[in-house]
Amino acid sequence: MNQWFVLIRQLLPGLLPLLIFIAADEIWGTKTGLLVAIGLGLIELIAGFLKEKKIDKFVLLDLGLIIATGGISLWLDNDFFFKMKPVIIDAITCIMIGAAAFLPGNFMLDMSKRYFKNININPWQQILFKKSMIVFFIMLVMYTLITLWAVIYGTTREWGLVSGPGFFVLFGIFMAYEIIQKRIQRNAYARDEWLPLVDEQGKVLGSAPRGVVHHHTMLLHPVVHLHVINHGKIYLQKRSLRKLVQPGKWDTAVGGHIGAGEQVDVSLRREAYEEIGLKDFNAQLVFNYVWESQIEKELVFTYLTQFSGPFKPNAEEVDEGRFWSTEEIEKNIGNEIFTPNFEKEFLMLKQVIPRMKWN
């Protein structure tokens, strides 16, 4: 939560000239109020420069708008243009938040990393960040329209309440929404299995619930596959009809997710035992690749071992298992008998196996 207090502290100086203008306008009149607001903006810019030894771009933008809108208001002897300053700032912010929410990339996230040096946001959190930006964008558009109404139809005090404290009320409502959402998510995923999220080189970037990575988010997560060969044949498992993905189809002998914090070799041996009862075996890493289906995206670590049995298929995971000849597999490719992932991997294995021991 500390980063939110930092953000509020950064936003507060931009509101001070407006609040000072309201007070000075009540006491000395509009012209004096405008001059005091412009003067305060200059003081903030100079003080920031002396402290940080550089000019803050946000303070400079804020001061530029104060001078521009205040100058026009003084020239026309009408405070309308100065009152439009918060509306302009809000409109610019709406555009930035809208771009972050709806366009590819995440420049708002890059800006956050700049200001909050220790922040580390994994790919799942980036998705949640975009969803939060959509909510904040809708709230900010509504707030901007209310501020515009206060400029056109409201009194100076009403405008001051909306454009000053009103923003913090908006921010407070948004923060309350975020806290509630986090609690809902925490409860929803409390019993879910958490899986690591990785880049294409296998570097762990964070973790996410299994239900999230299997829900069209295309978050890259690692899995292990083990091919069992014996005398030129490959052992395959028939996936249980209760499986969510590709039920009832023949697949790699062993396949499963790597758990959060789990080493690849540990995961391989755990899955081999859980699915087909394989315990004592030596496996060799053949290759790894990225596989993308309609619902998920996986970094697959493919291993190979020679083993003749016996096997003990897990009835909850596997309906049956048997050895297939390469000719039998090639004859049935494309006939909806195998999973698409296995068919791709089998063709990749054919290119590698000649350089390895097949029999």
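Throughout, residue positions are numbered sequentially from 1 according to the sequence presented. This structure is a prediction, so every number in the text was calculated from the model and none was measured.
Each of Phe323, Phe338, Trp324 was checked for a ring-ring contact (aromatic ring centres under 6.0 Å, His included) with Trp250, and the lone residue meeting it is Trp324. Of the candidates Asp90, Ile88, Ile89, Asp90 is the only one forming a side chain to side chain contact (heavy atoms under 4.5 Å, CB included) with Thr144.
Side-chain atoms of Gln246 and Lys249 form a donor-acceptor pair, as typed in the model, at a separation below 3.5 Å. With 3.5 Å as the limit, one finds a donor-acceptor pair spanning the side chains of Thr339 and Asp251. Donor-acceptor pairing under 3.5 Å is recorded for the side chains of Glu345 and His227.
No donor-acceptor pair closer than 3.5 Å links the side chain of Gln185 to the backbone N or O of Lys182. In terms of modelled atom types and a separation under 3.5 Å, the side chain of Glu275 and the main chain of Gly255 share a donor-acceptor contact. Distance alone, capped at 3.5 Å, places no donor-acceptor pair between the Glu271 side chain and the Leu268 backbone. Remark: the backbone N or O of Val162 is paired with a side-chain donor or acceptor of Tyr143 at under 3.5 angstrom. Put simply, the side chain of His221 gets close to the backbone of Lys297: a donor and an acceptor are under 3.5 Å apart. At distances below 3.5 Å, at least one donor-acceptor pair connects side-chain atoms of Thr217 with backbone N or O atoms of Val212.
Because its NZ or CZ atom is not both nearer than 6.0 Å to the ring centre of Trp159 and within 45° of the ring axis, Arg157 does not count as a cation-pi partner of that residue. Both tests pass for Arg269 against the ring of Phe281: distance under 6.0 Å to the centre and angle within 45° of the axis.
Between Thr302 and Leu285, the closest side-chain pair of non-hydrogen atoms is not below 4.5 Å. Considering only heavy atoms from C-beta on, Lys344 comes within 4.5 Å of Tyr289 through its side chain. Annotation: side chain of Ile173 is in contact with side chain of Met139 (closest heavy-atom distance under 4.5 Å). No side-chain heavy atom of Phe301 sits less than 4.5 Å from a side-chain heavy atom of Phe287. Side-chain contact between Ile127 and Leu219 is present, with heavy atoms from C-beta onward closer than 4.5 Å. By the 4.5 Å heavy-atom criterion applied to side chains, Ser267 and Glu262 are counted as neighbours.
Taking the charged nitrogens against the carboxylate oxygens, Lys83 and Asp79 do have a contact shorter than 4.0 Å, which makes a salt bridge. Taking 4.0 Å as the cut-off between side-chain N and carboxylate O, Arg210 and Asp192 do not count as a salt-bridged pair. Here Glu327 does not pair with Lys331 in a salt bridge; the nearest charged N to carboxylate O distance is not below 4.0 Å. The residues Lys243 and Glu317 are annotated as salt-bridged, a charged nitrogen and a carboxylate oxygen being separated by less than 4.0 angstrom.
The aromatic rings of Phe137 and Phe102 lie perpendicular to each other, with more than 60° between the two planes, well past the 30° mark. Using cut-offs of 30° and 60° on the angle between ring planes, the pair His257 and His214 is tilted.
Heavy-atom minimum distance, Gly248 versus Leu241: CA-CD2, 3.6 Å.
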Salt bridge (charged side-chain N to carboxylate O under 4.0 Å, His left out) between Lys131 and Glu178, intermediate numbers included: CA-CA 10 Å; Lys131 290 181 178 179; Glu178 284 289 291; over 6 Å; no
Residue pair Glu316, Arg242: steps toward the salt bridge (charged side-chain N to carboxylate O under 4.0 Å, His left out) verdict: CA-CA 8 Å; Glu316 294 184 1; Arg242 293 186 295 273; over 6 Å; no
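Atom NZ in Lys233 sits 10.5 Å away from atom CD1 in Ile329 (nearest 0.5 Å).
Residue Met142 places its CE atom among 12 or fewer non-hydrogen atoms of other residues, nucleotides or ligands, all under 6.0 Å distant.
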